[in-house]
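Data block below; observations after.
Proteins get letters first, then strands, A, B, ... in listed order; numbering begins at 1 in each.
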Amino acid sequence: MAYNALKGIQDILPPDIHIWQKIESVAREVFQRYGFQEIRIPIIESTDIFIRSIGETTDIVEKEMYTFPDKAGRSITMRPEGTAPAVRCYVEHHLYNLPSPQKFFYSGPMFRYERPQKGRFRQFYQIGVEAFGVSQPSIDAEVIAMLKNLLEGIGLKEVNFELNSIGCEKCRPDYKNALLKFFENRLSDFCPDCQRRYNTNPLRILDCKVERCIELRKGAPAVAEHLCGNCREHFNELVSRLDLMKISYTLNPNLVRGLDYYTRTTFEVTSEHLGAQKAVAAGGRYDRLVEEFGGPSTPAIGFAIGMERIATLLKEIWSDEHPSPKIFIATLGKEAEIEGFRIAEDLRAKGFWVEPNYAGASLKSQLRKADRIGAELALIIGENELKAGKIQWKNLKKGEQGEVEIKDIQAILTDNIQPSNP
RNA sequence: GUGGGCGUAGCUCAAUGGCAGAGCACUGGACUGUGGCUCCAGUGGUUGCGGGUUCAAUCCCCGUCGCCCACCCCA
């Protein structure tokens, strides 16, 4: 084997690709009902865009970005996530001048230079949505409902919605200070990672899995108690909307997003059927980001779905469903092969998936192939049939067989198979 | 970046310091032009790569590359 795909980067082939297509088609259908329109945005951007939005001290920016100089020496980065490019797009095209809200979705690969593991890759695919221009919590609830409908639409069950508010630029600093104060004099008892987090992202200490740290942080100030009036009201309203829609969720005060731009609402959908990387979708508000990118103050909210993780879950549900040919044409001899070629084109024009026999082979091996590729109907053309202007047909699922004049093929097809493939 | 596990046929995996195997898949035959089931045969390997120990290494040792899982972090 001369070449392999790069570490953490994988090919997606049939039959897996059919699961991906299913996810994408359901997503499009759901997004349309909620008025989210597709945008196509680049996979490379100026490096600054990600540093400014995600945060200079985050792991993503510090060590996970594919960054390189282009031929003119500009620093280019392959997008590690989609929100920052979407916001850049929104501001660049002055979309804030259009009626508010503007709601978009996009899909495609993201890139992070990480050590791969279950559910984590260096090139991974997301479907992302962003809604600009609404500060009311109703859109938070709507976006979460849309995500729920999407996941249900593709048949995904047994997922948990987790919800939190991390406050706004007014109340988050207060909370952070309260947290720092709480950890200050017992910091040396925490694990090395938490001691590092104390400086980089103290909210993350709340999420540490080390048992000693879990014990030590009991009694730490809760974010809910430090939200300002507006943020508390926003969160309460969101929660009551979700209750109204009978969407079940778990309040998780430790749900901290790693990206700097998040404000207020954060949420995550997790599954227990995955490995350590169990979030299948996640998102939140980023009310400051548009302004930071040079646009007018514009609230916004979005989420991203991890395609590989969803596909992993769906693989179990969607085990053997994949498209297969409807008709196989088996022929014996050059003349028959040419006639079969003509019939194949005719049937394809009528919308059927037709597989011919390309190379000469025994009828036995041709029918074996027809069976193995999952064809429903075999058409057999040999010397005898050519002379008589007829073909043999065989229903491979039922085992029934018969003979029909070539001009009457259509009747056999409608008796034996569906008129077209999905 | 850190830690652990694993690399043998297309796939899933055996094996022993002494001829490298099975199942599945693929091709053909039993059945001159009729699939699935059965039976038979065939194709397919520098045992990831490099070095070392040894009369002899797929096996033991060292290095290296790759994959997997976990930590960190995140979709």
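Other residues, nucleotides and ligands contribute only 12 or fewer heavy atoms inside 6.0 Å of the NZ atom of A:Lys170.
Taking the six-membered ring where tryptophan is involved, the planes of A:Tyr66 and A:Phe111 are perpendicular, since the angle between them exceeds 60° and thus also 30°.
At least one side-chain nitrogen or oxygen of A:Lys364 sits closer than 4.0 Å to the OP1 or OP2 atom of B:G35. In this structure, A:Ser365 reaches the B:G28 phosphate: one of its side-chain N or O atoms is under 4.0 Å from OP1 or OP2. Taking only side-chain nitrogens and oxygens, A:Gln117 comes nearer than 4.0 Å to OP1 or OP2 of B:C71. The phosphate of B:G28 (OP1 or OP2) has a side-chain N or O of A:Arg368 nearer than 4.0 angstrom.
Residue A:Leu367 places its side chain closer to B:U34 than to any other of B:G33, B:C73, B:U34. Among the nucleotides B:C71, B:G33, B:G28, the one closest to any side-chain atom of A:Glu383 is B:G33. Closest to the A:Gln392 side chain, of the nucleotides B:U34, B:C72, B:A75, is B:U34. Comparing B:C26, B:C73, B:G35 by their closest approach to the side chain of A:Arg372 singles out B:C26. Nearest to the side chain of A:Gln277, among B:C69, B:C73, B:A75, sits B:C73.
A donor N or O paired with an acceptor N or O is found under 3.5 Å between the base of B:G35 and the side-chain atoms of A:Asp371. Between the side chain of A:Gln366 and the base of B:U34 there is no donor-acceptor pair of N/O atoms closer than 3.5 Å. Evaluation of atom-type donor-acceptor distances gives a pair under 3.5 Å for the side chain of A:Glu385 against the base of B:G33. Below the 3.5 angstrom threshold, one finds no donor paired with an acceptor across the side chain of A:Arg196 and the base of B:C72. Judged by distance alone, with hydrogens and angles left aside, A:Arg115 brings a side-chain donor or acceptor within reach of the base of B:U2, the pair sitting under 3.5 Å.
Looking at A:Glu24 and A:Ser107, their side chains never bring a donor and an acceptor atom within 3.5 Å of each other. Between A:Asp287 and A:Tyr261, the side chains place no donor N or O within less than 3.5 Å of an acceptor N or O (distance only, hydrogens not considered).
Distance A:Leu363 CG to B:G35 C1': 9 Å, rounded to the nearest Å. Atom CZ of A:Arg197 is separated from atom P of B:C73 by 4 Å (rounded to the nearest Å). A:Lys278 places its NZ atom 15 Å from the P atom of B:C73, with the value rounded to the nearest Å. Distance, A:Ile373 CD1 to B:G35 C1': 11 Å, rounded to whole Å. Rounded to an integer number of Å, the gap from A:Asn4 CG to B:G7 C1' is 12 Å. Atom pair A:Asp207:CG and B:C72:P shows a separation of 9 Å (rounding to whole Å applied). A:Tyr262 places its OH atom 17 Å from the P atom of B:C73, with the value rounded to the nearest Å.
Under a 3.5 Å cut-off, the side chain of A:Thr265 and the backbone N or O of A:Gly284 do not form any donor-acceptor pair.
A:Ile127 approaches A:Ala27 most closely through the heavy-atom pair CD1-CB, 4.0 Å.
Using a 4.0 Å heavy-atom cutoff across all strands shown, A:Thr58 reaches no nucleic acid atom at all.
Judged by closest nucleotide on RNA chain B, A:Lys7 is the one of A:Lys7 and A:Lys63 placed further toward the 5' end.
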